[in-house]
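A note on names: the letters A, B, ... follow the listed sequences, proteins ahead of strands, and every chain is numbered from 1. Computed from a predicted structure; not experimentally measured.
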Amino acid sequence: MLQVNFLRENKEMVIEGFRKRNFSDENLLIIDSIISLDDERKSIQKSLDDKLSISNQTAAKIGQLLKNGEKLAAETAKADVSSLKTEISALEEKMRTIATELDNQMISLPNVPHESVAFGKTPEDNIVYQEWPTELPVLPETALPHWDLAKKYDIFDLELGTKITGAGFPVYRKKGARLQRALINFFIDQAVEQGFEEIIPPLMVNEASARGTGQIPDKEAQMYYVEKDDLYLIPTAEVPITNLYRDVILNEDQFPIKMTGYTPCFRREAGSYGAHVRGLNRVHQFDKVEIVVLEHPDRSYQTLQEMLKHVSSLMSKLELPYRILHLCGGDMGFASASTYDFEVYSAAQKRWLEVSSVSNFETFQANRLKLRYRDGSKKTQLAHTLNGSALALARIVAALIENNQTEEGILIPEALQPYTGFKILN
RNA sequence: GGAGAGAUGGCAGAGUGGUUUAAUGCGGCAGUCUUGAAAACUGUUGACUGUAACAGGUCCCGGGGUUCGAAUCCCUGUCUCUCCGCCA
């Protein structure tokens, strides 16, 4: 969530930013509406505070009078206060109404895109930031998509998952299960080597946490909800890990705080069944290693670059062809100020699959989280939060087995062999 | 799941209706002293809101209530601890 004062002080910049998100002139009017609502809030607050001040003073005076035995004077003072009390509760009621309205409007505002973010309406407008290698692999015509390879080598089974749970819950078996575990360990080890602290968080979170990272109210429908206990299954480790620092005030010298964690991720993905979500392309439960960084505002964009470098190195070590897209304003997530998507090329499907999304949220999440730091002048400031997948497993597995298929079996990239314990999957 | 106790500042811990702008200790910060450090001593030390700066306002787990006045009394929710039961 943005701050009202930020809107006041950076109005032109906010307008420019929202235009990148394709706000119409009419939609932009909300900014002025919020500012004038806030003006009103302030003036009501002022008169409320004045009345409270008088009420407080009178109450103290009554205490004194009673102590001195001046009962009559005390009773008079009590009568004076009672009319004040009705005024106060009327003002309080007004404050509640206006604060709720202000909050509703503020919460509907997305983050302001960073100046480097391009205008654009659809994924077509995203900018290819980096691509590796320059020539895409070409497989023989007989090459199989990963769902057929899964049957051939018995490495995962979607129908079995449907039987015990429902569609979109894969069961990994044999070398497929081992490959899954190998990738998780490989990704975590790589992150730890880069200085990320390993976390194993809870897989369910309460409402406050879901609110802190912005899943509520923006993406509530995407989460599985356990009604009996009022808990949400996490759609990403970002939620519990970032919330470790909810309501925390850091010292400046604690930055950067770098964390990583492996968790399964649960996504309802409502209404997204169809032809190109076959196999592992889109599932309700998948494994992911996430990296989360809390950073000083002055260094967050540098950190974003370092995170891109880390994810790139994972892709190259797995010898997978990938590209990085800098998302345009129209395709960017609600809470993000700048997002880079990693896509892996799945050679049998001849498709790019998103496997990582690395974002800088600046203060947008920190404001909801009340995640702050103390700067040199002892004032508290909102920190910046960043996160990214490093990496999401299901689609990596899809691309890896498709791209590396041979007559003899699926070749395991060298970096992964110590983790799988085998060089070829057959 | 049952019974009992509890939730106060970074931490420990007083405070059961009116100078509480929350005692005191520890920790942190600054200073004195010292070649430097430690110790000792002195001062300082919560968050939010608000203002040009003051002032003012809100916050003692959350929500509601009683009262002129609530950390303190009442109702309710959540969580923690101890004992019992169950259990990987």
To the nearest Å, give me how far apart [atom1] ([X]) and [atom2] ([N]) are.
X: Ile249(A); N: U45(B); atom1: CD1; atom2: C1'; answer: 14 Å
X: Ile98(A); N: U49(B); atom1: CD1; atom2: P; answer: 18 Å
X: Glu252(A); N: C29(B); atom1: CD; atom2: P; answer: 15 Å
X: Lys370(A); N: G46(B); atom1: NZ; atom2: P; answer: 20 Å
X: Arg374(A); N: U45(B); atom1: CZ; atom2: P; answer: 13 Å
X: Leu382(A); N: C48(B); atom1: CG; atom2: C1'; answer: 12 Å

Using Watson-Crick pairs (N1 to N3, plus N6-O4 or O6-N4) and G-U wobble pairs, both distances under 3.5 Å, which stems of at least 3 pairs involve RNA chain B? B:1-7 with B:78-84, B:10-12 with B:24-26, B:27-32 with B:40-45, B:46-49 with B:56-59, B:61-65 with B:73-77
Using the [atom1] atom as the reference point in each nucleotide, state the distance between [N] and [M] in Å, no decimals.
N: A55(B); M: A7(B); atom1: C1'; answer: 34 Å
N: C11(B); M: U82(B); atom1: C1'; answer: 23 Å
N: G15(B); M: U20(B); atom1: P; answer: 15 Å
N: A52(B); M: U58(B); atom1: C1'; answer: 23 Å
N: U21(B); M: U80(B); atom1: P; answer: 33 Å
N: C59(B); M: A3(B); atom1: P; answer: 34 Å
N: G6(B); M: U24(B); atom1: P; answer: 26 Å
N: C73(B); M: G18(B); atom1: P; answer: 12 Å

Of Lys61(A) and Arg372(A), the one whose closest RNA chain B nucleotide lies more 5':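 Checking each residue's closest nucleotide, the 5'-ward one belongs to Lys61(A).
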Looking at Gln222(A), is its backbone amide N or carbonyl O close enough to the side chain of Arg267(A) to form a donor-acceptor pair, meaning the two atoms are under 3.5 Å apart? no
For Lys121(A), side chain to side chain contact (heavy atoms under 4.5 Å, CB included) partners two or more places apart: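 Residues passing side chain to side chain contact (heavy atoms under 4.5 Å, CB included) with Lys121(A): Asn22(A), Asp125(A).
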Once side chain to side chain contact (heavy atoms under 4.5 Å, CB included) is applied, do any residues pair with Ser336(A), and if so which ones, sequence neighbours excluded?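 Checked Ser336(A) against side chain to side chain contact (heavy atoms under 4.5 Å, CB included); matches are Met332(A), Thr339(A), Ser359(A), Phe361(A).
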Salt bridge (Lys or Arg N to Asp or Glu O under 4.0 Å) pairs, two or more places apart, involving residues 167-193 of chain A: Asp154(A)-Lys174(A)
Which residue pairs satisfy the ring pair (Phe, Tyr, Trp, His ring centres under 6.0 Å) criterion with at least one member in residues 159-182 of chain A, sequence neighbours excluded?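 Every ring pair (Phe, Tyr, Trp, His ring centres under 6.0 Å) pair that includes a residue of residues 159-182 of chain A, provided the two are not neighbours, is Phe156(A)-Tyr172(A), Phe169(A)-His284(A).
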Test Val239(A) against every option in Asn243(A), Thr242(A), Ile241(A) by the side-chain contact (heavy atoms from CB on, under 4.5 Å) rule and name the one that passes.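 In the set Asn243(A), Thr242(A), Ile241(A), the residue that makes a side-chain contact (heavy atoms from CB on, under 4.5 Å) with Val239(A) is Asn243(A).
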When you measure from the side-chain N and O atoms of Thr380(A) to the phosphate of A47(B), is any distance below 4.0 Å, counting only OP1 and OP2?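 So the side chain of Thr380(A) is outside the cut-off, no N or O lying under 4.0 Å from OP1 or OP2 of A47(B).
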Arg19(A) with Glu16(A): basic N within carboxylate O range, under 4.0 Å: no
What does the B/S/- profile of nucleotides 50-75 of chain B look like, 5' to 3', with a 4.0 Å heavy-atom cutoff to protein? SS----BSS---------BS------
Glu306(A)/Lys309(A) under salt bridge (Lys or Arg N to Asp or Glu O under 4.0 Å): CA gap, chis, key distance, verdict: CA-CA 5 Å; Glu306(A) 285 164 20; Lys309(A) 230 158 92 187; over 6 Å; no
Please lay out, stage by stage, how Ser338(A) and His114(A) fare under the test side chain to side chain donor-acceptor pair (under 3.5 Å). CA-CA 6 Å; Ser338(A) 183; His114(A) 186 250; 5.1 Å; no
NZ on Lys11(A) to CD1 on Ile31(A), rounded to 0.5 Å: 7.5 Å
